[in-house]
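Quick notes on the structure that follows.
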Amino acid sequence: MESILNGRKLAVIGDPIEHSLSPLIQQAMLDELGLNAAYERILVSAGSVAAWLPAAPDLNLAGFNATMPHKTDLVPLMDTLSEDARMYRSVNTVVIREGRFHGHNTDGAGFLRSLHEEGIRPEGRRVAVYGAGGAARAVVLKLAAEDADCVTVCCRTPKKAEELTRAPNVRAVELGGQEAACALAEAEIFINCTPLGMQGVPSQFADFNFLDLLPADTPVCDLIYRPLKTQLLKEAEKRGHLAVNGLGMLIHQAILALELFADMPLDAALMKKAVMKRLLPALEGK
């Protein structure tokens, strides 16, 4: 296949970077497409991305993905920003063309695609979100932009979510309070954006009684994909809810990134199938 990526490199930068699944995911898609391009990890120390960036074109990079702690640091360094990157004030995908850097963020759109894949449409629906950190930002703002009826961010310190509440139809309430309980009772979609239950994170939900407040047909989504089924999702299934993990978001944000790198649309179903063949054994430890 003729492509602007043939003979070029792609990468993911971060600190730390050894844990990143991006090389496995992106290489699976590149191989499926028959593209002669390699994808690698590059350790860029925290706080040094501005010094590293000018040398990126000399590395034969057609672009790169960014993970923590560089997503926000890249924003002022870009020649152009996509609407989503500007809205989230975060860049996870950088396309390099003729020495210029074009910043994008595919997290929100990837999450939205993962919802649609499960038959979940956020338009006109009430959404309850746990957490107000970096993971929540793209999710909450994308849902608001997609005309969710109301997005209620439940967090320990609602003031920290004040910036999110500037978006239309977004409000922040105290986790465990009466307003949060009311939001759960009215929720048509529930999303966990906290790291509670993630592999390697010692903290877990104190209990799962809050799930009993949700209406019976409310889907329960967890952005976590390690493990594939968190205790939250197990408890949600026990109560009869549709349980959705973060694997779909992980894959679809990567597909969208590769579309930007390659400057062409991709068959999302075909790409996901190629990725799952390599990714599932890695996640299941096989």
Side-chain angles (χ1 to χ4, degrees), residues 87-88 107-198 201 203-225 229-250:
M87 178 167 63
Y88 311 149
D107 286 333
F111 176 70
L112 200 61
R113 273 198 186 183
S114 73
L115 288 186
H116 291 171
E117 195 171 52
E118 298 292 338
I120 303 169
R121 310 292 301 196
E123 300 91 339
R125 303 182 80 178
R126 294 181 293 274
V127 186
V129 175
Y130 267 23
R137 185 175 185 83
V139 167
V140 169
L141 294 179
K142 193 64 174 180
L143 289 171
E146 292 296 314
D147 298 322
D149 180 57
C150 178
V151 182
T152 301
V153 179
C154 306
C155 53
R156 289 176 180 167
T157 312
K159 191 164 181 61
K160 290 184 178 179
E162 190 174 348
E163 189 177 351
L164 294 179
T165 63
R166 294 175 193 159
N169 301 329
V170 177
R171 64 181 184 133
V173 301
E174 187 174 356
L175 193 66
Q178 186 57 43
E179 286 184 295
C182 290
L184 291 171
E186 297 176 351
E188 295 168 280
I189 304 171
F190 173 84
I191 306 163
N192 175 44
C193 296
T194 78
L196 296 176
M198 183 187 295
V201 174
S203 302
Q204 179 58 275
F205 288 100
D207 62 64
F208 296 92
N209 295 337
F210 63 90
L211 291 173
D212 296 325
L213 297 173
L214 295 172
D217 57 351
T218 300
V220 174
C221 308
D222 198 332
L223 297 195
I224 295 168
Y225 52 85
K229 190 174 287 187
T230 58
Q231 193 61 39
L232 170 68
L233 295 184
K234 290 177 182 176
E235 295 290 336
E237 285 186 335
K238 284 181 188 176
R239 293 162 169 82
H241 297 283
L242 171 65
V244 180
N245 65 20
L247 194 58
M249 178 181 178
L250 175 71

Query - side-chain contact (heavy atoms from CB on, under 4.5 Å) between N169 and V151, worked out - result: CA-CA 6 Å; N169 301 329; V151 182; 5.7 Å; no
Query - Rounded distance [0.5 Å steps], CG in L233 versus CZ in F208 - result: 9.5 Å
Query raised in the report: Is there a side-chain contact between T230 and N245 (heavy atoms, below 4.5 Å)?
Result: no
**Report entry** Non-hydrogen side-chain atoms of E174 and R156 separated by less than 4.5 Å
**Finding:** no
Query raised in the report: Is K234 salt-bridged to E237, cutoff N-O under 4.0 Å?
Result: no
Query raised in the report: How are the rings of Y130 and F210 set relative to one another: parallel (under 30°), tilted (30 to 60°) or perpendicular (over 60°)?
Result: tilted
Query - Note, D107 side chain near R137 side chain (heavy atom, < 4.5 Å) - result: no
**Report entry** Close side-chain approach of L223 to N192, heavy-atom, < 4.5 Å
**Finding:** no
Requested in this report: Please report the closest heavy-atom contact between A128 and L184, naming both atoms and the distance.
Outcome: CB-CD2, 4.1 Å
Query - Which atom of P215 lies closest to which atom of A185, heavy atoms considered - result: CG-O, 3.3 Å
Report task. Calculate, to the nearest 0.5 Å, the distance between atoms CG and CZ belonging to L115 and R125 respectively. Result -> 9.5 Å
**Report entry** Minimum-distance pair of heavy atoms, taken over all atoms of V173 and E179
**Finding:** CG1-CB, 3.7 Å
Report summary line: One should read off an interatomic distance between C221 SG and L232 CG, to the nearest 0.5 angstrom, of 10.0 Å
Query raised in the report: So which heavy atom on S203 is nearest to which on L196, and how close?
Result: CB-CD2, 3.4 Å
**Report entry** Pairwise side-chain contact, F205 with Q231, heavy-atom cut-off 4.5 Å (strictly under)
**Finding:** no
Query raised in the report: Which value, rounded to the nearest 0.5 Å, describes the distance between L211 atom CG and K238 atom NZ?
Result: 10.5 Å
Report task. For side-chain contact (heavy atoms from CB on, under 4.5 Å), just list the numbers for L143 and I189, CA-CA rounded to whole Å, side-chain angles, deciding distance to a tenth of an Å, and then say yes or no. Result -> CA-CA 11 Å; L143 289 171; I189 304 171; 5.7 Å; no
Query raised in the report: For T165 and R171, does a side-chain donor sit closer than 3.5 Å to a side-chain acceptor?
Result: no
Query raised in the report: Taking R126 for the side chain and C150 for the main chain, is one N or O donor matched with an acceptor at less than 3.5 Å?
Result: no
Report summary line: Between V153 and A132 the two heavy atoms that sit nearest each other are CG1-CB, 3.8 Å
**Report entry** Closest non-hydrogen atom pair, A144 against A167
**Finding:** CB-CB, 4.2 Å
**Report entry** Gap separating the OG1 atom of T194 from the CD atom of Q204, nearest 0.5 angstrom
**Finding:** 8.5 Å
Query - Approximate separation, where rounding is to 0.5 Å, of L141 CG and R166 CZ - result: 11.0 Å
Query raised in the report: Do the non-hydrogen side-chain atoms of L242 and I120 ever get within less than 4.5 Å of each other?
Result: yes
Query raised in the report: Around R239, counting heavy atoms of other residues, nucleotides and ligands shown, do more than 12 lie under 6.0 Å from its CZ?
Result: yes
**Report entry** Check ion pair R113-E117 (N to O, under 4.0 angstrom)
**Finding:** no
